[in-house]
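Accompanying notes for the structure given below.
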Amino acid sequence: TPSTLVLAYGSNLSTEQMLARCPTARVECTATLPHHALAFGGYSARWHAGVANVMPATGQHVMGVLYRLEASDLATLDAYEGHP
């Protein structure tokens, strides 16, 4: 089945949490997203805390984990994250 790579950051760095949401998730490797910074620009009423996002930022970088997800789990993760 088709799969895609997803860069996880923030709370999605928890493998336990990712597997609960996306059972097909498989860790590929750690990764760095260049010229971006972690930002907390929103608020979640679900867990009463800030929401992590990445924003362009020259000279900065965001460390994360690359997960390989099947299409069904990518749709589940998108819905959980409120995307689009």
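Counting begins at 1 with the first residue of the sequence.
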Residue pair Y67 / V27, side-chain heavy-atom distance below 4.5 Å: yes

If hydrophobic clusters are built by linking Ile, Leu, Val, Met, Phe, Trp and Tyr wherever their side-chain heavy atoms come under 4.5 Å apart, do L5 and L69 end up in the same one? no

If hydrophobic clusters are built by linking Ile, Leu, Val, Met, Phe, Trp and Tyr wherever their side-chain heavy atoms come under 4.5 Å apart, do F40 and V54 end up in the same one? yes

Heavy atoms of L38 and A52 approach each other most closely as CD1-CB, 4.0 Å

Give the cluster check for L33 versus Y9: same hydrophobic cluster or not, with ILVMFWY residues linked at side-chain heavy-atom distances below 4.5 Å. yes

Listed by chain and number, what are the side-chain hydrogen bond (donor to acceptor under 3.5 Å, both in side chains) partners of R26, not counting sequence neighbours? none

T32 to M63 - nearest heavy-atom pair and separation: OG1-SD, 3.1 Å

Distance-minimising heavy-atom pair for R21 and T76: O-CG2, 3.5 Å

Shortest non-hydrogen contact from P23 to D73? N-OD2, 3.1 Å

Looking at every non-hydrogen atom in both residues, tell me the closest pair between A37 and Q60 and how far apart they are. CB-CB, 4.1 Å

Closest contact, heavy atoms only, L13 versus G64: CD2-CA, 4.0 Å

What distance do H61 atom NE2 and H36 atom NE2 have between them, rounded to the nearest 0.5 Å? 13.0 Å

Backbone N/O of E70 and side chain of T24: donor-acceptor pair under 3.5 Å: yes

Do V6 and Y80 sit in the same hydrophobic cluster, where Ile, Leu, Val, Met, Phe, Trp and Tyr count as joined when their side-chain heavy atoms come under 4.5 Å apart? no

Taking a hydrophobic cluster as the set of Ile, Leu, Val, Met, Phe, Trp and Tyr residues connected by side-chain heavy atoms closer than 4.5 Å, whether directly or through intermediates, do L7 and L77 fall within one such cluster? no

Got a second to check how far R68's CZ is from C29's SG, nearest 0.5 Å? 9.5 Å

